[in-house]
Amino acid sequence: MKTVFRQTLFAASLVLPLGACAATPQSGQSSNQISSDSFNTVLEYVKQWNKPGNTLVASDNDDTLTMMACPDLSSPKTCQFLGGAAWFSWQNGLLKVPGKQAGEVADNFDELLEISALLFSMNEMDYTEDAVPNVLQELAAMGVKTMVATARGNENISATEQQFDDLNVTGFDNLLDYFSKQAPNLGDDIEPNPYLNCTNNKAISYRNGVMYLVGQNKGQNLQCFIHEYNQDKPASLQITNLVFIDDTLKNVEDVTVAFQKSGMEFVSIHYTALQEHKDAFIKGDKAAEYQQAATKRWEILKQAMDSQLLKPVAK
């Protein structure tokens, strides 16, 4: 019964004051949408507003908070692209081309998701910038609520929590502990694991401060999440200000659409610190070389699983 009630409530929230605008703005047209190559920009807006108790910072994960290991961003050959955001984008593009393509690891999108989940489970992550944990620590000291809105799905929960468990934030046991304590708490009325909200057709999860959105619209989901959080709170405790940061422009634009007529103070930040890193893999002069290296890594892993496991996940 709780789940049915919550579905109705979230759907209803779409027509309340946090309603989405009809047209998607073009990049640069909204004063609430900016680009930045520094995670410190998050702090600048929080300090400018000076409403820490009413502010929520929502961040993407992959290539915004964390990334696959890359000892030297200026030298892409030192980086592990396999399993990262640029690699996934490349693989997804290969699937859209008729016929089997060189370097293609999956036969369909669902299989690509399975392989991606496997790679997440086998890898620790690094922060995208040294500044990230320092910014998070300062936000906590100010009393700002923080959460993660990731495109990862429910199958990635264990891997994500393990990765966060291995990353440090001063004053907390680790990054997982940080978000579990600093994120908005929806209370006991909602189940933390797969449930439907808004107009989603796929179940999402909210656990330890991380919302696993299975690739669905981040703007609509954050809109509904904030309405749900605010409805039982006095005005002094409600979320009235939002900072959103994501390396994917489409997600940034979706948040702009959802909040630009909401009456809330917000900024949607396109995070570009890793843009050159990703471009090097997707379309740079040495893209073919880096793609071949990633493919070779995968082939070695797959051969090891095929030879050593009776029923390997990746067939």
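Each residue takes its place number in the sequence, starting with 1.
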Applying a strict under-4.5 Å side-chain criterion to I, L, V, M, F, W and Y, I'd like to know whether [X] and [Y] cluster together.
X    : Y    : answer
F88  : W90  : yes
F179 : I245 : yes
L82  : M67  : no
V105 : F81  : yes
L274 : L65  : no

Would a distance-only check, ignoring hydrogens and angles, find a side-chain to backbone donor-acceptor pair under 3.5 Å from [X] to [Y]?
X    : Y    : value
Y178 : Q137 : no
Q101 : G99  : yes
T272 : S36  : yes
N32  : F266 : yes
D165 : E161 : no

Looking at [X] and [Y], what are the two nearest heavy atoms and their distance?
X    : Y    : value
Y229 : L237 : CE2-O, 4.0 Å
D247 : K278 : OD2-NZ, 2.5 Å
P52  : N50  : CD-C, 3.3 Å
D63  : A86  : OD2-N, 4.3 Å
Y212 : I204 : O-CB, 3.2 Å
S59  : T64  : OG-CG2, 3.6 Å

Side chain proximity check, [X] to [Y], heavy atoms < 4.5 angstrom:
X    : Y    : result
L301 : R297 : no
Q182 : F172 : yes
F259 : S268 : no
L222 : M211 : yes
Q260 : Q33  : no
E44  : T41  : yes
T55  : Y45  : no

Distance in Å, [X] [atom1] paired with [Y] [atom2], rounded so as to fall on 0.5 Å steps:
X    : Y    : atom1 : atom2 : result
D60  : T150 : CG    : OG1   : 6.0 Å
T295 : E104 : OG1   : CD    : 10.5 Å
E114 : F109 : CD    : CZ    : 11.5 Å
I282 : H277 : CD1   : NE2   : 10.0 Å
L136 : L43  : CG    : CG    : 9.0 Å
L118 : K302 : CG    : NZ    : 11.5 Å

- Task: Apply the test side chain to side chain donor-acceptor pair (under 3.5 Å) to residues N54 and N241: give CA-CA distance (whole Å), side-chain angles for both, the deciding distance (0.1 Å), then the verdict.
- Result: CA-CA 6 Å; N54 304 105; N241 295 58; over 6 Å; no
- Message: Let's go through N185 and K145 carefully: what are the C-alpha distance in whole Å and the side-chain angles of both, what is the deciding distance for side chain to side chain contact (heavy atoms under 4.5 Å, CB included) to 0.1 Å, and is it a yes or a no?
- Response: CA-CA 10 Å; N185 187 348; K145 299 174 183 67; over 6 Å; no
Please check if the number of heavy atoms outside [X] that lie under 6.0 Å from its [atom1] is greater than 12.
X    : atom1 : result
K233 : NZ    : yes
N108 : CG    : yes
E276 : CD    : no

- Message: By the definition side-chain contact (heavy atoms from CB on, under 4.5 Å), identify the one residue from V148, L176, N156 that meets it with V210.
- Response: V148
- Message: D246 and side-chain contact (heavy atoms from CB on, under 4.5 Å): which single residue from K218, E253, H270 fits?
- Response: K218
- Where does the angle between the aromatic ring planes of Y206 and F225 fall among parallel (under 30°), tilted (30 to 60°) and perpendicular (over 60°)? perpendicular
- Task: Given side chain to side chain donor-acceptor pair (under 3.5 Å), test D166 with Q162 step by step and report yes or no.
- Result: CA-CA 7 Å; D166 291 326; Q162 182 58 54; 3.3 Å; yes
- Message: Please determine whether side chain to side chain contact (heavy atoms under 4.5 Å, CB included) holds for the pair D177 and N174, giving the CA-CA distance in whole Å, both sets of side-chain angles, and the decisive distance to 0.1 Å.
- Response: CA-CA 5 Å; D177 181 54; N174 46 51; 3.5 Å; yes
- Query: Under the side chain to side chain contact (heavy atoms under 4.5 Å, CB included) test, which residues partner E129, sequence neighbours left out?
  - Reply: S38, F39, A131, V132, Y271, A273
- By salt bridge (charged side-chain N to carboxylate O under 4.0 Å, His left out) - contacts of E265 (at least two apart): none
- Item | All pairs passing side chain to side chain donor-acceptor pair (under 3.5 Å) where residues 116-126 contributes a residue, at least two apart | Q80-N123
- Query: Are D72 and K77 close enough for a salt bridge, meaning some N to O gap below 4.0 Å?
  - Reply: no
- Task: Quick one: do V252 and I269 satisfy side chain to side chain contact (heavy atoms under 4.5 Å, CB included)? Show the steps, please.
- Result: CA-CA 6 Å; V252 172; I269 304 170; over 6 Å; no
- Task: Applying side chain to side chain contact (heavy atoms under 4.5 Å, CB included), run through Q91 and L95 and close with a yes or a no.
- Result: CA-CA 6 Å; Q91 287 292 322; L95 286 174; 5.9 Å; no
